[in-house]
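What follows is a single structure, written as structure tokens, with notes after it.
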Amino acid sequence: MVASQTIAHKAQTETPVDFDAVIIGAGVSGLYQLYRLRELGLKVRVFEAGTGIGGTWYWNRYPGARFDSESWTYGYSFSQELLDEWDWEEHFAGQPETERYLNYVADKFDLRRDIQFKSRVAAAQYRENTRSWDLTLEDGWHCTARFLVTAVGVLSAATLPNIVGVKSFEGPSFHTHYWPKEPVSFVGKRVAVIGTGATGIQTITEVAKTVGHLTVFQRTPQWAAPLHNARITQEEMTHIRANYADIFARCQDTFGCFIHTADPRSALEVGVQEREAFWEKLYGEPGFGIWMGNFRDILVDRQANRLISDFIARKTRERVRDPVVAEKLIPKTYGFGTRRVPLESGYFEVYNQPNVELVDLSETPIERITPTGIKTSACEYEFDMIIYATGFDAITGAFDRIDIRGVDNVSLKDKWKDGPQTFLGIMVDDFPNMLMVMGPHAGLGNFPRAAEYSADWVTGLIRFARDRNLTRIEATAAGCAAWTDHVIETSEGLLFTEVDSWMTGINRNVEGKQVRRIMRYSGGHPKFRERCEAVVADGYQELALA
Ligand code: NAP
């Protein structure tokens with residue numbers, strides 16, 4: 001009986017599939033995943049909704065877009081040749097430079113020929129009889145693949161605000177994620193920006209440089225700190241290149257794969273003067289040191305968090321001339337670092353400009369968008385342009401937008417309605433042969449560092465299956481439950497879990513995303529890798545393989 005079942009299955013799995021693997025997304029993780037799977041000799045197709053490669057760096061071309069990771073820690077590490085050839089121009093590269101870099105990578109490794117652009121995946125259905133996935137694109141195009149690899153990003157499902165009349169404005173309006181490729185001028189214009197997250201802060205700072213009049217609509221202020229970007233000199237680049245091995249090794253050792261390591265001291269055990277001097281130093285240095293390289297307890301201990309919050313508040317007060325405006329810009333409902341800290345380049349000084357106004361929506365909420373502007377509870381504003389920097393349905397949003405169905409037609413969206421359940425953030429029970437690169441429950445941080453690891457792990461598993469003629473890979477329900485519990489456990493005691501933000505799964509513009517959930521692994525990347533390696537060392541016995 002068992003033998004004949006095996007034979008029957010063999011025959012069914014011999015039904016030809018169009019592709020060995022389909023990858024959704026040609027961003028940082030999708031590109032690298034393609035490179036790796038091609039190395040295995042697999043027939044791979046990438047579906048990409050955009051007309052070019054880059055994912056985040058293709059879409060987010062809003063004014064001022066740049067990353068907060070040091071460029072030289074952000075590039076791929078897998079190819080020495082690539083490291084030798086590519087010169088970063090800025091310590092924190094802007095969107096055009098990063099998009100150029102990813103295009104360079106795609107060309108160098110001849111990746112484009114397997115990428116199908118303007119191809120948004122609408123549905124993916126697992127077929128048990130063939131142990132493969134049926135993929136349907138928005139335009140109805142259809143194909144089959146043994147493995148479905150999602151590389152859909154963490155912040156790729158942009159959301160407009162759920163404000164009445166949002167479609168009624170008659171002038172130009174843009175969500176920052178869908179910024180046009182053509183230049184947009186703000187000169188002489190009355191511009192509104194809604195949203196003050198990392199995106200809003202960058203946009204506002206850049207728009208303010210040339211705008212006629214800018215009005216910022218702020219619902220929640222952000223704890224932001226200076227980026228201190230600079231160009232990279234030739235000597236610096238030579239030094240960076242000589243030290244790449246150390247740089248990447250150091251990133252591997254840190255919690256979030258950034259170059260910054262937490263200081264082992266408690267903020268409470270050092271004297272006031274020493275603490276202040278340390279914070280002054282961090283505030284004056286480039287990058288995430290103030291967040292990731294700070295005392296070990298600022299994100300877990302309320303008193304330590306209060307002290308660093310007070311320090312940043314003082315800095316903000318020093319930078320904003322009008323004390324009333326300064327107070328509005330200082331968060332009062334959550335502490336520093338418990339939301340993702342935006343790094344800024346002159347953001348607070350923007351509010352010293354006579355042509356910039358801050359509207360605090362906690363005092364005067366928006367009632368509606370009108371054909372000519374925005375109406376708050378206090379007054380009606382007229383604008384020539386509205387910019388929505390209102391963020392994303394983060395982490396699970398891009399999955400929710402695809403109708404993904406596994407065994408017995410179970411829907412992934414339904415399965416995750418109360419929060420994601422995964423094994424290692426890579427697999428989900430009931431969804432055989434689906435592998436997620438940087439899926440929910442993966443650790444967040446310096447994205448390419450973590451994505452390279454994730455794609456390598458996925459590649460290792462597919463190689464293992466191929467070498468043994470295995471055609472069905474699934475996480476067990478017990479494995480998913482245990483990993484999900486562990487992910488929740490690692491978040492306990494961290495202050496960020498008590499705060500509404502995209503990192504805790506909140507998006508007040510999306511139905512069903514109003515309750516905090518644990519969306520990411522918080523045990524740090526070294527521990528994450530250790531757990532993943534243990535699964536490999538054990539011959540993947542924790543998975544159901546057939
Ligand atoms: P975000 O942090 O979620 O910010 C969205 C902003 O829009 C918030 O200020 C939010 O207010 C506001 N908003 C949303 N709906 C609204 C409504 N209906 N009415 C009024 N205000 C509304 O999104 P984001 O700024 O796009 O950033 C998301 C993440 O992308 C960042 O945290 C970061 O990880 C990444 N990012 C990175 C960089 C970088 O590397 N430099 C740059 C940009 C983005 P509430 O806070 O009250 O919800």
Side-chain angles (χ1 to χ4, degrees), residues 28 55-57 59-71 73-74 90-95 98 153-166 175-179 192-206 216-227 229 256 258 286-288 291 329 331 333-334 337-345 347 358-362 364-369 374 376 386-395 397 444-448 496 499-510 513-514 516 519-520:
V28 168
T56 287
W57 303 109
W59 294 103
N60 290 277
R61 33 186 95 238
Y62 62 84
R66 70 175 62 251
F67 50 56
D68 292 339
S69 306
E70 287 74 6
S71 314
T73 70
Y74 193 93
E90 291 184 87
H91 283 280
F92 302 89
Q95 178 273 336
T98 311
V154 172
L155 295 152
S156 52
T159 47
L160 280 170
N162 55 353
I163 300 173
V164 179
V166 77
H175 189 290
T176 45
H177 180 71
Y178 296 112
W179 199 264
V193 176
I194 302 179
T196 51
T199 303
I201 284 176
Q202 291 183 330
T203 305
I204 289 159
T205 309
E206 197 58 30
V216 176
F217 292 87
Q218 170 190 274
R219 191 163 67 180
T220 311
Q222 289 275 2
W223 293 107
L227 173 66
N229 188 24
F258 288 99
F288 272 141
W291 190 26
L329 289 165
T333 57
Y334 66 98
T338 61
R339 283 176 149 202
R340 197 279 202 188
V341 176
L343 296 183
E344 46 79 31
S345 307
Y347 173 64
L358 178 67
V359 177
D360 183 344
L361 297 180
S362 67
T364 55
I366 296 178
E367 288 181 350
R368 61 179 303 122
I369 309 286
I374 295 174
T376 67
I386 299 179
I387 300 174
Y388 298 106
T390 45
F392 299 88
D393 183 359
I395 302 179
L444 291 177
N446 198 1
F447 192 84
F496 92 90
V499 176
D500 286 357
S501 80
W502 66 262
M503 296 202 298
T504 47
I506 298 288
N507 186 320
R508 288 194 258 162
N509 301 308
V510 181
K513 301 278 170 89
Q514 329 283 323
R516 278 183 223 141
M519 307 290 278
R520 57 177 205 152

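Heads up: numbering here begins at 1 and tracks the sequence. When a ligand or atom number is given, it counts from 1 through the structure's own listing order. Both backbone and side-chain heavy atoms feed into the values below; hydrogens, waters and symmetry mates do not.
- For the ring-ring contact (aromatic ring centres under 6.0 Å, His included) test with Phe258, the passing option among Phe288, Tyr74, Phe67 is Phe288; the others fail.
- Here's the thing with Gln222: none of its N/O atoms is less than 3.5 angstrom from an N/O atom of ligand 1.
- The ligand atoms of ligand 1 that sit less than 4.0 angstrom from a heavy atom of Phe67 are 39 (C), 40 (O), 41 (N).
- Side chains of Ser69 and Asn446: a donor on one and an acceptor on the other come within 3.5 Å.
- For atom 31 (C) of ligand 1, the closest non-hydrogen atom of the protein is Trp502 NE1, 3.6 Å.
- Considering all non-hydrogen atoms of both residues, Ala93 and Thr98 come closest at CB-OG1, 3.7 Å.
- Ranking protein heavy atoms by distance to atom 15 (N) of ligand 1, first place goes to Asn509 ND2, 2.9 Å.
- Among Asp393, Thr159, Ile506, the single residue meeting the side chain to side chain contact (heavy atoms under 4.5 Å, CB included) criterion with Lys513 is Asp393.
- Between Ala389 and ligand 1, at least one N/O pair is under 3.5 Å apart.
- Looking only at heavy atoms of the protein, atom 35 (C) of ligand 1 is closest to Leu155 CD1, 3.6 Å.
- Ligand 1 is approached by Tyr62 to a heavy-atom distance shorter than 4.0 Å.
- At a 4.0 Å heavy-atom cut-off, ligand 1 touches Phe392 through the side chain alone.
- Residue-to-ligand polar distances keep Ile194 apart from ligand 1: every N/O pair is separated by 3.5 Å or more.
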Margin query: Under the criterion side chain to side chain contact (heavy atoms under 4.5 Å, CB included), I'd like the reasoning laid out for Met519 against Met503: C-alpha separation, chi angles, the key distance, then a yes or no.
Written below: CA-CA 7 Å; Met519 307 290 278; Met503 296 202 298; over 6 Å; no
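- Taking distance alone, with nitrogen or oxygen atoms compared against 3.5 Å, Thr196 approaches ligand 1 more closely than that limit.
- Given atom 23 (O) of ligand 1, the protein heavy atom at minimum distance is Gly391 CA, 3.3 Å.
- For atom 12 (C) of ligand 1, the closest heavy atom belonging to the protein is Gly195 CA, 3.7 Å.
- With Ile194 as reference, Ile163 is the one residue of Ile163, Ile387, Leu160 to meet the side chain to side chain contact (heavy atoms under 4.5 Å, CB included) rule.
- Taking each of Arg508, Arg339, His177, Arg219 in turn, the one with a heavy atom nearest to atom 22 (C) of ligand 1 proves to be Arg219.
- Under 4.0 Å from ligand 1, not a single heavy atom of Phe447 appears.
- Applying the 4.0 Å criterion to heavy atoms of Leu361 picks out, from ligand 1, the atoms 20 (C).
- One finds the OH atom of Tyr62 at 9.5 Å from the CD atom of Gln95 (value rounded to the nearest 0.5 Å).
- Closest protein heavy atom to atom 45 (P) of ligand 1: Thr220 OG1, 3.4 Å.
- Remark: Arg516 pairs with Asp500 by the salt bridge (Lys or Arg N to Asp or Glu O under 4.0 Å) rule, at least two apart or across chains.
- Summary of contacts: the protein heavy atom closest to atom 2 (O) of ligand 1 is Gly197 CA, 3.7 Å.
- Between Val341 and Ala225, the shortest heavy-atom distance links the atoms CG1-N, 4.3 Å.
- Between the side chain of Thr196 and the backbone N or O of Pro221, no donor-acceptor pair lies under 3.5 Å.
- In this structure, CD1 in Ile386 is found 8.0 Å from CZ in Phe217, a value given to the nearest 0.5 Å.
- In terms of protein heavy-atom proximity, atom 40 (O) of ligand 1 is closest to Arg340 NH2, 3.0 Å.
- For the pair His177 (side chain) and Thr56 (backbone), a donor-acceptor distance under 3.5 Å is absent.
- The option with the heavy atom closest to atom 44 (C) of ligand 1, from among Thr199, Asn60, Asn162, Ile506, is Thr199.
- Atoms of ligand 1 found under 4.0 Å from any heavy atom of Pro161, numbered from 1 in the order shown, are 17 (C), 18 (N).
- Taking 4.5 Å as the limit, every side-chain heavy atom of Phe496 sits out of range of all side-chain heavy atoms of Ser501.
- Residue contacts with ligand 1, taken as heavy atom pairs separated by less than 4.0 Å, do not involve Asp500 at all.
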